[in-house]
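What follows is a short report on a single structure.
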Amino acid sequence: MSGIIDELLQRIADFHRSRPVVPEYPMVAPVLEALDEARSPALVEARHLPVLRHLDAVRLSGDEAVDAVLEEFLSLAPALPWIQTAGYRGVLSQEFHDNYGYVQLIGPKSIVEHRSVRVGIAVWGPNLHYPSHHHEAEELYHVLAGQPSFSSEGVCRITKPGDAVHHEPWQPHQQDFGATPTVLLYCWAGAVVADATLT
Ligand SMILES: [Fe+2]
């Protein structure tokens with residue numbers, strides 16, 4: 001029997017292999033290794049969050065590689081364990097918590113256990129602001145849906161589906177999400193055990 005997220009992990013690996021930007025980032029090599037080796041359980045215990053109500057408004061991008069990941073994720077979403085960063089509870093607003101969440105596919109205490117790589121998909125509702133935060137792990141985001149703005153070190157960039165955004169370890173970054181729901185694919189490599197913290 002195949003695992004519940006095996007197809008999604010394969011599509012994420014294929015996605016990374018299809019992107020021209022990926023060879024610029026050596027961190028993708030251990031991520032691809034983790035994706036290729038991962039075997040997920042047949043079933044996981046679903047856990048829902050309020051952010052799931054935004055998924056009906058997520059639109060496919062027209063980019064075949066992006067949509068292959070997005071379609072599989074959207075079809076699995078109700079069956080997956082949605083989580084939030086524990087350290088943000090009581091720190092970020094209730095509005096923020098009512099409008100964001102993610103599924104960690106690979107990583108510490110995730111669907112597939114891993115101690116040096118994280119791979120997941122995160123969703124934010126319209127017009128939220130994610131204040132400046134950082135983490136020891138190196139990070140590569142790909143936008144799957146929405147038009148989030150990423151700001152770091154005085155540079156602001158508005159992105160669209162298919163765009164990649166890279167952060168070095170401890171590089172502070174903040175996001176402003178657009179008028180439609182944002183879906184981001186994230187990969188962390190290196191020191192992935194500690195969560196992000198606000199700066
Ligand atoms: Fe980050």
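First listed ligand is number 1; within each ligand, the first listed atom is number 1.
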task = In plain terms, say whether Arg11 and Asp14 are close enough for a salt bridge, that is, a side-chain N and a carboxylate O under 4.0 Å apart.
result =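 Here Arg11 does not pair with Asp14 in a salt bridge, since their nearest N and O are not under 4.0 Å apart.
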message = For Asp195, is there an ion pair with Arg118 - N to carboxylate O distance below 4.0 angstrom?
response =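 Yes, this pair counts.
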inquiry  = Test side chain to side chain donor-acceptor pair (under 3.5 Å) on Asp98 and Gln94; report intermediate values, then the result.
reply    = CA-CA 6 Å; Asp98 287 345; Gln94 188 61 45; 3.0 Å; yes
ask   = Does atom CD of Gln147 have more than 12 heavy-atom neighbours from other groups under 6.0 Å away?
value = no
ask   = Near the Fe ion (ligand 1), which protein N/O/S atoms fall under 2.8 Å?
value =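 Per the 2.8 Å query on the Fe ion (ligand 1), atoms found are His135 NE2, Glu139 OE1, Glu139 OE2, His173 NE2.
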request  = Among residues two or more places apart or on two chains, list those pairs meeting side chain to side chain donor-acceptor pair (under 3.5 Å) that have a residue in residues 76-86.
outcome  =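 Those involving residues 76-86 are Thr85-Tyr102.
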task = May I ask you to check whether Ser110 and Gln104 show a side-chain donor-acceptor distance below 3.5 Å?
result = yes
